[in-house]
Amino acid sequence: MKVTPWEVSGEIDYERLIKEFGTSPLTPELKEEITKIAGDHVMLRRGYFYSHRDLDVALRHYKEGKGFFLYTGRGPSGPMHLGHLIPMIFTKWLQEKFRVNVYIEVTDDEKFLYKKDAEWGEIQKYTIDNILDIAAVGFDPEKTFIFRDSEYIANAYPLILKIAKKINFSTAKAVFGFTNETNIGMIFYPAYQVLPTMFEKKICLIPAAIDQDPYWRIQRDIAESLGYYKTAAIHSKFFPPLQGIEGKMSSSQKESAIWLSDDEKTVRSKIMKYAFSGGQPTIEEHRKKGGNPDVDVSFQWLKIFFEPDDGRLRKIEEEYRSGKMLTGELKEILVEKVCRFLEEHRERREKAREEIKEFMYEGKLASEMWGKRFE
Ligand code: TYM
C-alpha cells in the first residue's frame, strides 16, 4: 500500500493509515456530537469519513463561541471525477450547518510542477473548468472564497515565506518522500498548501480524503510558533474505482472513474462494463447463492453517497444478498442515480458561470480576501 498526496496504490488498509499517520478514529461519541449540532449526514453515519485530528477541539471552539473555519482544495490536473466532488459536498454541508467561512485553494502551481508533461495553458483551462464544478456544489457566496494559487500569490507570499522558513528539507523529505529527482518547485509547494490554514486567527477544519494528511502534519508542527492554531482535519476514505472497492478512483486510470461531464450513455456503459460485481457467474447460481454487497462496487457507491435512505439501502442489500436481485438490476439502480445526480450537477454548473465571479472577486468575503495581504 502506498498513500501520498500524489500517489495511491495497492490495497488500502484504512486502519493502518490511522496508525501510520498518527490520526484518531472518528468515534461514535464524536459523531454524536456533530449530529447534535448539525444533524446527520450519510457520509458520517455510514463511516465514509472515518478519521480526524482535533475535531473535538474545533467543536469545542464552536460551542465556546470562538468559532472555526473550513478549508479544502483541488489540484486542477484535469477534469473532475465523482471522487473529487465528494469532499466538496461534505464541506458545503458543514458550511451550511455551522454557518462558517470556507476557503478553497485551487493548486494550479502544484499540478504544473508535479505532472511531467503538464502544460501551463492546459492547467489554466482545467482551473476554470474545475472552479465551475466546485461552485456548482452550492457554497454560500457570502462566506466562500475560491482562489487560484498563481493569481493569489502576491497577497500570500510574505506568510508563505514565514511558513517555508520553518520547514527544513529533511522534514519535507521524510513526510513527502521527496528524492534527488524531485524538482525544487515541489519542495517549496507544501508551504502554499499550509497557508490557508492561517487565513483566520481561528482553528481551521479541513475536510479531505486522508491522502492530504501529510500537509496537516507539517502544519501542526509549526503553526503555533507563527501564532496560529494547529489545524483540525476530518478525513474520508477514497471513493472506490469501478474496478474494485480497495483502491481509489483516480484521474490517471481513465476507466476507473466517472467524470462529471460523462453523459448518460457513457455512465451506463462504464458501470455495466467495469463496475466490479459481487454477483455469481450465472443467474442460476446467483439465485441460489446470492450476491456479496460488501465487495460490490455498485452497492458500495449507493452506500457511500447515492442512496442516503437507510430503509431503501437495507432492502437493496437484502434482495441482493438473497439472490432475488441480480447484478444487472443493482447496476440499473446505480446508473439511474448517478445520471440524475450528474444532470442536476451540470444544471447548477451552468448557473455557476454567472456566480463564479462572486466567489472569486466580487462576493463580500471574496473581495475582502482578494485585497487582504497575509504578512
Ligand atoms: P486533488 O485534486 O488530488 O483532490 C481533491 C480532493 O479530492 C480528494 N480525493 C478523493 N476523495 C475521495 N475519493 C477519491 N478517489 C479522491 N481523489 C481525490 C482529495 O483528498 C482532495 O480532498 N493538493 C490537493 C489540493 C489541495 C487541497 C487542499 C485538498 C490544496 N489544499 C486542502 C484538500 C484540502 C490536491 O491535489 O487534491
Side-chain angles (χ1 to χ4, degrees), residues 3-9 12 14 17 21 23 43 48-51 53 69-92 94 102-115 118 123 126-127 129-131 133-134 137 145-150 152 156 160 163 176 186 189-199 204-219 231-254 256-260 297 300-301 304-305:
V3 177
T4 76
W6 307 288
E7 200 189 333
V8 174
S9 58
I12 300 154
Y14 287 106
L17 281 180
F21 286 1
T23 66
M43 293 184 216
Y48 183 66
F49 276 85
Y50 84 110
S51 152
R53 288 184 188 271
F69 65 97
L70 293 161
Y71 157 45
T72 194
R74 158 72 184 149
S77 54
M80 281 172 69
H81 59 57
L82 285 174
H84 298 131
L85 208 62
I86 298 269
M88 298 287 169
I89 291 170
F90 188 67
T91 306
K92 185 238 165 188
L94 289 171
V102 172
Y103 301 94
I104 301 173
E105 177 179 34
V106 183
T107 59
D108 55 345
D109 50 350
E110 176 194 18
K111 293 301 157 171
F112 174 72
L113 290 165
Y114 178 69
K115 278 185 84 182
I123 298 281
Y126 288 127
T127 299
D129 171 88
N130 288 188
I131 288 174
D133 281 315
I134 295 167
V137 170
F145 182 56
I146 305 175
F147 65 102
R148 137 170 58 187
D149 279 354
S150 65
Y152 199 61
I160 293 177
I163 295 165
F176 296 107
M186 281 303 288
Y189 167 74
Y192 208 156
Q193 185 153 334
V194 165
L195 168 86
T197 65
M198 301 178 185
F199 271 174
C204 170
L205 173 63
I206 306 167
I210 193 146
D211 61 336
Q212 300 296 314
D213 187 73
Y215 292 104
W216 321 142
R217 220 177 306 158
I218 290 217
Q219 193 274 1
T231 190
I234 177 163
H235 308 107
S236 75
K237 299 177 181 173
F238 297 114
F239 198 73
L242 285 162
Q243 283 72 14
I245 55 160
E246 298 89 10
K248 173 195 175 200
M249 183 179 279
S250 161
S251 310
S252 50
Q253 288 161 286
K254 298 277 178 253
S256 80
I258 298 276
W259 307 94
L260 302 180
V297 168
Q300 292 302 319
W301 283 22
I304 292 170
F305 180 64

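Atoms within a ligand are numbered from 1 in the order they appear, just like the ligands themselves. No experiment lies behind these values; they were computed from the predicted model shown.
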Output for pair (Glu105 CD, Ile206 CD1), nearest 0.5 Å, gives 10.0 Å

Ala209-ligand 1 polar pair, N/O distance under 3.5 Å
yes

For a quick test of your reading: what N or O donor-acceptor pairs under 3.5 Å do the side chains of residues 240-249 make, sequence neighbours left out?
residue, atom, partner, partner atom, Å
Gln243, NE2, Glu255, O, 3.2

Starting from atom 6 (C) of ligand 1, what is the nearest protein heavy atom, named by residue and atom, and what distance separates them?
Gly73 O, 3.8 Å

Give me the residue, atom name and distance of the protein heavy atom closest to atom 7 (O) of ligand 1.
Pro87 CG, 3.6 Å

Give a yes or no answer on whether the side chain of Tyr48 reaches the backbone of Phe239 with a donor-acceptor pair at less than 3.5 Å.
yes

Are the aromatic ring centres of Phe147 and Phe145 under 6.0 angstrom apart?
yes

Show me which atoms of ligand 1 lie under 4.0 Å from any heavy atom of Ile206.
34 (C)

Got a donor-acceptor contact below 3.5 angstrom from the Tyr14 side chain to the Phe238 backbone?
yes

Among non-hydrogen protein atoms, atom 17 (N) of ligand 1 lies closest to Lys248 CE, 3.2 Å

Any Asp211 heavy atom less than 4.0 Å from ligand 1:
yes

Quick one: look up the protein heavy atom nearest atom 31 (N) of ligand 1 and list residue, atom name and how far away it is.
Tyr71 OH, 2.8 Å

Answer yes or no: does an N/O atom from Gly83 fall short of 3.5 Å to an N/O atom of ligand 1?
yes

Stepwise side-chain contact (heavy atoms from CB on, under 4.5 Å) test for Phe176 and Met186
CA-CA 10 Å; Phe176 296 107; Met186 281 303 288; over 6 Å; no

Protein contact to atom 18 (C) of ligand 1 [nearest heavy atom, distance to 0.1 Å]:
His84 CD2, 3.6 Å

Top protein contact for atom 14 (C) of ligand 1, by heavy-atom distance:
Phe239 N, 3.7 Å

If you scan protein heavy atoms around atom 22 (O) of ligand 1, the nearest is Ala208 CB, 3.4 Å

Between Thr197 and Gln219, does any side-chain donor sit less than 3.5 Å from a side-chain acceptor?
yes

Mark up the atoms of ligand 1 that fall under 4.0 Å of a heavy atom belonging to Trp216, in ascending order.
32 (C), 34 (C)

Side chain to side chain donor-acceptor pair (under 3.5 Å) between Asp108 and Ser150: does it pass, once the steps are laid out?
CA-CA 7 Å; Asp108 55 345; Ser150 65; 2.5 Å; yes

Donor-acceptor check, side chain of Asp211 to backbone of Trp6, threshold 3.5 angstrom: yes or no?
no

So, Tyr189 side chain and Tyr114 main chain: donor-acceptor pair closer than 3.5 Å or not?
no

Please identify which atoms of ligand 1 are closer than 4.0 Å to at least one heavy atom of Gly75.
1 (P), 2 (O), 25 (C), 35 (C), 36 (O), 37 (O)

Restricting to heavy atoms, the pick from His235, Met88, Met80, Lys111 nearest atom 36 (O) of ligand 1 would be Lys111

Close-contact set for ligand 1 against Met249 heavy atoms, below 4.0 Å
15 (N)

Options Lys237, Arg74, His81, ranked by nearest heavy atom to atom 25 (C) of ligand 1, top entry
Arg74

Could a heavy atom of Phe90 be found less than 4.0 Å from some atom of ligand 1?
no

For Glu110, the ligand 1 atoms with a heavy-atom partner under 4.0 Å come out as 23 (N), 24 (C), 25 (C), 35 (C), 36 (O)

Can any side-chain N or O of Thr72 pair as donor or acceptor with the backbone N or O of Ala208 at less than 3.5 Å?
no

Protein heavy atom at shortest distance from atom 24 (C) of ligand 1:
Gln212 OE1, 3.3 Å

Kindly say whether Cys204 contributes a backbone atom to a donor-acceptor pair with the side chain of Tyr71 at under 3.5 angstrom?
no

Heavy-atom contacts with Tyr48 under 4.0 Å: which atoms of ligand 1 show up? List them by number with element.
12 (C), 13 (N)

Tell me whether the centres of the aromatic rings in Phe199 and Phe69 are closer together than 6.0 Å.
no

Proximal ligand 1 atoms for Thr72, defined as those under 4.0 Å from one of its heavy atoms:
28 (C), 32 (C), 33 (C), 34 (C)

